[in-house]
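Below: one structure, written as structure tokens.
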Amino acid sequence: MTKDLFAQALLSAAAVVGALGVAAGAFGAHSLRGVLEPRMFEIFETAARYQLLHALALGLVGALLLFGGERLNARWLRISGVLLLTGILIFCGTLYILSLSGVRWLGAITPIGGVAFIAGWIACAIGVWPARRS
């Protein structure tokens, strides 16, 4: 996969993840308030909030890859994109399932997504520094 195709894939993923985050937030606000117990509703809202925030981060990484040129370390930005998307899937996904199903053991998996978010942000920080050329 070339740099441009990967960047375009990240930007597309960011747009889809963002749209789904808005839909999840609207669904929660209009259909789940009063249906879910308050703690489960709060968990659902946390998932939607983190999904939207990290959709923006994913878009940022895609834009950096697409427009950053040789000034940036594309390898670390690609790693960042993969980690952020992994975090969205694991962190937000397990919180959505937990809040809607009450399956509590999923709470043990959620931190893996949180670690992926943190690692993705760190990889992005490394990625904005120029790659070392030999």
Side-chain angles (χ1 to χ4, degrees):
M1 190 177 261
T2 68
K3 181 167 123 175
D4 287 347
L5 287 178
F6 189 84
Q8 290 169 335
L10 283 183
L11 288 167
S12 292
V16 170
V17 167
L20 292 173
V22 171
F27 175 70
H30 298 291
S31 299
L32 297 179
R33 188 181 307 275
V35 174
L36 294 179
E37 64 181 70
R39 178 66 184 131
M40 293 295 115
F41 184 73
E42 183 181 309
I43 290 170
F44 189 92
E45 283 186 316
T46 297
R49 182 173 51 254
Y50 272 74
Q51 181 174 342
L52 285 171
L53 288 169
H54 287 88
L56 292 173
L58 197 60
L60 169 68
V61 171
L64 287 169
L65 278 169
L66 198 58
F67 302 113
E70 296 297 316
R71 297 182 311 255
L72 303 177
N73 190 324
R75 177 176 176 263
W76 280 101
L77 289 172
R78 285 189 201 101
I79 291 168
S80 174
V82 169
L83 287 167
L84 290 171
L85 190 55
T86 300
I88 291 166
L89 294 171
I90 296 173
F91 184 88
C92 300
T94 58
L95 288 183
Y96 285 133
I97 295 168
L98 168 65
S99 66
L100 295 172
S101 71
V103 177
R104 303 254 183 220
W105 65 265
L106 285 170
I109 298 170
T110 304
I112 296 169
V115 169
F117 281 150
I118 294 166
W121 283 104
I122 291 169
C124 183
I126 295 168
V128 298
W129 288 90
R132 294 182 190 254
R133 309 277 182 227
S134 21

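The figures here come from the full heavy-atom set of this structure, side chains too, leaving out hydrogens, waters and symmetry mates. In this chain, residues are counted from 1 in sequence order.
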Test Trp76 against Val128 for side chain to side chain contact (heavy atoms under 4.5 Å, CB included), laying out the working first.
CA-CA 8 Å; Trp76 280 101; Val128 298; over 6 Å; no
Check whether any side-chain heavy atom of Asn73 sits under 4.5 Å from a side-chain heavy atom of Trp129, and report yes or no.
no
To the nearest 0.5 Å, what is the distance between CZ (Phe6) and CG (Leu11)?
10.5 Å
Gap between atom CG of Leu83 and atom CZ of Arg78 - 0.5 Å precision
14.0 Å
Spatial distance of atom CG (Leu72) from atom CZ (Phe67) [nearest 0.5 Å]
12.5 Å
Picking from Ile43, Thr94, Ile90, what satisfies side-chain contact (heavy atoms from CB on, under 4.5 Å) with Thr110?
Thr94
Of Ile79, Leu77, Leu84, which is the lone residue that meets side-chain contact (heavy atoms from CB on, under 4.5 Å) with Cys124?
Leu77
Any side-chain heavy-atom pair from Leu98 and Val103 closer than 4.5 angstrom?
no
If Ile, Leu, Val, Met, Phe, Trp and Tyr residues are connected whenever their side-chain heavy atoms lie under 4.5 Å apart, and connections chain through other members, are Leu36 and Phe27 in the same group?
yes
About how many Å separate CD of Glu42 and OG of Ser99, when rounded to the nearest 0.5 Å?
11.0 Å
Parallel, tilted or perpendicular: which one describes the rings of Tyr50 and Phe91, with boundaries at 30° and 60°?
tilted
Full working for side chain to side chain contact (heavy atoms under 4.5 Å, CB included) between His54 and Val17
CA-CA 9 Å; His54 287 88; Val17 167; over 6 Å; no
Would you find a donor on one side and an acceptor on the other, under 3.5 Å apart, between the side chain of Ser31 and the backbone of Gly28?
no
So does Val82 get a backbone contact from the side chain of Thr86, meaning a donor-acceptor N/O pair under 3.5 Å?
yes
Looking at every non-hydrogen atom in both residues, tell me the closest pair between Ala48 and Gly21 and how far apart they are.
CB-O, 4.3 Å
Met40 side, atom CE; Leu95 side, atom CG - distance, nearest 0.5 Å:
9.5 Å
Shortest non-hydrogen contact from Ala7 to Gly62?
CB-O, 3.6 Å
Trp121 backbone acceptor or donor facing Ser80 side chain under 3.5 Å
no
Step by step, work out the side chain to side chain contact (heavy atoms under 4.5 Å, CB included) result for Arg33 and Phe44.
CA-CA 10 Å; Arg33 188 181 307 275; Phe44 189 92; over 6 Å; no
Out of curiosity, Leu65 CG to Leu5 CG, how far, rounded to the nearest 0.5 Å?
12.0 Å
Could you see if Leu60 belongs to whatever hydrophobic cluster contains Leu52? Use Ile, Leu, Val, Met, Phe, Trp, Tyr and a side-chain cutoff under 4.5 Å.
no
